[in-house]
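In what follows, a structure is listed as structure tokens, so that the remarks can point back to it.
Atoms considered below: every heavy atom in the structure, side chains included; atoms not considered: hydrogens, waters and symmetry mates. On a predicted model such as this, the values are computed, not experimentally measured, just so you know.
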Amino acid sequence: MSAQETRDFLDALYGCEVSQDSQIVVWAKQSGSRWCPSIDDAVAAVSRLTPHEDAYFGVQLQAPELVRERVEETQGSAPTELRNYRGYASTVAAMPGLWVDLDVAGAGHRKTGLPESIGDALAFLGDFGFAPSITVQSGGGVHLYWLFEEPWIMEDDEERGLAAALIRRWQERIRRVCGYTVDATHDLSRVLRPPGTVNTKYGTEVEAEILGGLRYAKEDLIAYVEDGGSLGMVSDPVIVDPPARVRVEESVQPPLEKLLDLLNLHPQFAATWRRERTDLPSQSEYDMSLATMTAKVGWTPDEIASLIIAHRKQGGEPLKLDRPRYYQMTIAKAMAANATVIAHDRLSERVDAIESGEASVDDERTGLYTDLSAMIGVHIIRIIRYVADPPQFRLVMEEGSIDLGGAETILTSSKFRIKVAGLSKRLIGRFTGQQWDPIAQAILRAAEDEDLGADSSPEGLVAEWMGEYLAQHRPETDRDQAVALKLPYWPADEPGPLIFLGALQQWLAFFRAEKLSRKQLGVFLRSAGCHPRALGYSTEEGGKSTVHAWVVPGKLAGARACGRRALEQTP
């Protein structure tokens, strides 16, 4: 077990919101609950469980006093300790985000309608448009978390009711999108397995992938479910790389000379500093406004933090000195917003220079890639334009490459952002048509032409893949061995070999940097003339079962594979 993995996970969920009044509940069926007023206490509680105990934690922070009041109302007396209680929906203190529990078919699950693998379970994300902030492989499936910008603090029962409705409708939406059986885990008192522990049922470690900067505004997720699942309602997620450390102390002072310069030269800054802005109803909005303006003129993170602390002190507001992450995230968002504005302006200037003849595309291409990366929030390595009828585009990023299709995907920001989200697990910002036009023009200008002839068609591309794949993986003639190892299989009744989608998907990701979802890969194969079929086989226990495979036409299988088949059939 890894205590550090547990700590990183809990810190990502709750940050500094854990306290005596808002506690993490660690629970094991064999020994009951441990109520933890700090992340350190929670990590220690998990570590102290025996190897035979399955560790769980309450997804919501719980208010111990509300639990005592509820027990006293229902049982006549308040408990002296809470070991026998995990908390209730009515006693939730804070909610970190939304979640879903997706099981995978296997010996431990008798339910029908389950995906066959983790990859199948996550395939819906390519079309869903919301990349999870945290993915946890629980042993029997996967838990997905979509975190809010900050935990939602529950002030009363009305807010708890809103939270309960939101998570229920969120899971219903996912159930419809993915098409699989999804456990109803929408109760606010839900416990799930934390990373860094062991699932004793399967003997596997519970592991997490944390995308620390990927968070969502609560209001946007509410708007999404209320709008029936329209991605058009979703605004930008918070994708930031916060400064590693920020000095957060009561004694710090903002740089006096820089402060006086802004007060004298920047009327909006002066109005903000004097709290004269009627458009900023809360202290956090004042914090963000001050951070954005000072980040724009080059203040350092420590200088910005000192300004926010001084402004809070001047207004008699809480200093939040015990929440350095609040300052880190505020400063990071301010810097990211400024970088986006600057990159957008530079993009327009570069495109104008190309259009006027002042610069060539080759001169500006590297700069276009740099500014596009800053605008979109993913590192773009290359944009390819296949010269075909009609032209087809491909986007190459650090995470891999994706097929954009025709120019219509580039001209429509919503289509483009869904394509990118499927591979990068990030939503790019939402842009109006006027904002998106310079970006689309820059993408078209930066694209590098490649004339691949027939290879620019889906059939040509799949033929290229199959030539390499089947050259490395000789088609088996033993059906059961092929199924067991997920190798290509060439039955006598088919004109071409059968391949397994998951195996091809992994090969493409590793050898070709083509990170396609199963749905996207299936579309490619169908458009190239491949078709799925059921394949019966004998299990190791002597029974019979069925798997699904794809039949590859002989013309796509390649001469080498066909030649091998001919040799195998020669007496």
Side-chain angles (χ1 to χ4, degrees), residues 11-12 14-19 21-22 93-94 96 147-155 159 212-213 215-220 235-342 429:
D11 185 60
Y14 309 119
C16 298
E17 293 298 339
V18 187
S19 67
D21 299 324
S22 189
L147 299 183
F148 300 142
E149 292 175 331
E150 289 186 333
W152 182 1
I153 308 302
M154 300 293 155
E155 301 291 346
E159 283 199 270
R215 294 171 181 269
Y216 297 91
K218 175 178 83 259
E219 293 75 15
D220 288 337
S235 64
D236 308 353
V238 183
I239 303 174
V240 294
D241 185 14
R245 293 188 61 187
V246 175
R247 188 182 176 196
V248 180
E249 300 171 7
E250 188 172 358
S251 61
V252 297
Q253 294 292 330
L256 182 58
E257 187 174 345
K258 290 183 177 181
L259 176 59
L260 291 175
D261 285 343
L262 282 176
L263 288 172
N264 292 328
L265 301 174
H266 199 313
Q268 188 178 31
F269 178 86
T272 306
W273 177 254
R274 293 193 295 263
R275 300 177 182 276
E276 297 171 353
R277 299 272 299 275
T278 58
D279 58 325
L280 299 179
S282 68
Q283 180 61 45
S284 62
E285 290 180 273
Y286 270 105
D287 294 345
M288 179 57 69
S289 180
L290 290 170
T292 301
M293 286 186 278
T294 50
K296 190 172 185 179
V297 294
W299 283 36
T300 68
D302 281 342
E303 290 172 337
I304 297 172
S306 69
L307 179 72
I308 294 173
I309 291 171
H311 189 254
R312 282 179 166 270
K313 189 187 302 184
Q314 170 189 285
E317 297 287 342
L319 301 185
K320 295 190 176 184
L321 299 179
D322 59 339
R323 296 180 58 188
R325 183 174 175 79
Y326 170 80
Y327 288 90
Q328 290 174 302
M329 296 301 290
T330 299
I331 294 166
K333 284 187 278 187
M335 290 181 164
N338 284 323
T340 299
V341 171
I342 293 169

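Residues satisfying the side chain to side chain donor-acceptor pair (under 3.5 Å) test with Ser289, not counting sequence neighbours, are Arg277. By the side chain to side chain contact (heavy atoms under 4.5 Å, CB included) test, Ala291 is found to be paired with Ile304, Ile308, Thr330, Ala334, residues two or more places apart in sequence or in another chain being considered. Residues satisfying the side chain to side chain donor-acceptor pair (under 3.5 Å) test with Ser284, not counting sequence neighbours, are Ser282. With sequence neighbours excluded, the residues that form a ring pair (Phe, Tyr, Trp, His ring centres under 6.0 Å) with Tyr286 are His311. In this structure, Glu317 has no side chain to side chain donor-acceptor pair (under 3.5 Å) partners at least two apart in sequence or on a different chain. Listed by chain and residue number, nothing satisfies the side chain to side chain donor-acceptor pair (under 3.5 Å) test with Trp273 (two or more places apart in sequence, or in another chain). Residues passing the side chain to side chain contact (heavy atoms under 4.5 Å, CB included) test with Glu257, sequence neighbours excluded: Asp261. The side chain to side chain contact (heavy atoms under 4.5 Å, CB included) check on Thr278 picks up nothing, with sequence neighbours excluded. Residues that satisfy the side chain to side chain contact (heavy atoms under 4.5 Å, CB included) test with Val297, not counting sequence neighbours, are Leu262, Trp299. Remark: Arg323 pairs with Glu17, Glu150 by the salt bridge (charged side-chain N to carboxylate O under 4.0 Å, His left out) rule, at least two apart or across chains.
Of all the heavy atoms in Arg215 and Phe148, the pair that sits closest is NH1-O, 3.2 Å. The two atoms that bring Gln328 and Val246 nearest to each other are CG-CG2, 3.8 Å, heavy atoms only.
For the pair Leu259 and Phe269, the minimum side-chain heavy-atom distance is below 4.5 Å. Side-chain contact between Glu250 and Lys313: present, with at least one pair of heavy atoms (C-beta onward) separated by less than 4.5 Å. In this structure the side chain of Ile331 reaches within 4.5 angstrom of the side chain of Pro301, judged on heavy atoms.
Separating the CD atom in Glu149 from the OH atom in Tyr326 is a distance of 11.0 Å, to the nearest 0.5 Å. Between atom SG of residue Cys16 and atom CG of residue Leu321 there is a gap of 11.0 Å, rounded to the nearest 0.5 Å.
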- Please assess Gln283 against Arg275 for the test side chain to side chain contact (heavy atoms under 4.5 Å, CB included), listing each intermediate value before the final yes or no. CA-CA 9 Å; Gln283 180 61 45; Arg275 300 177 182 276; 2.7 Å; yes
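For the salt bridge (Lys or Arg N to Asp or Glu O under 4.0 Å) condition, the pairs that include at least one residue of residues 264-274, sequence neighbours left out, are Arg274-Glu276. Within the structure, salt bridge (Lys or Arg N to Asp or Glu O under 4.0 Å) pairs that include any residue of residues 282-307 comprise Lys258-Glu303, Asp287-Arg312 (at least two apart or interchain).
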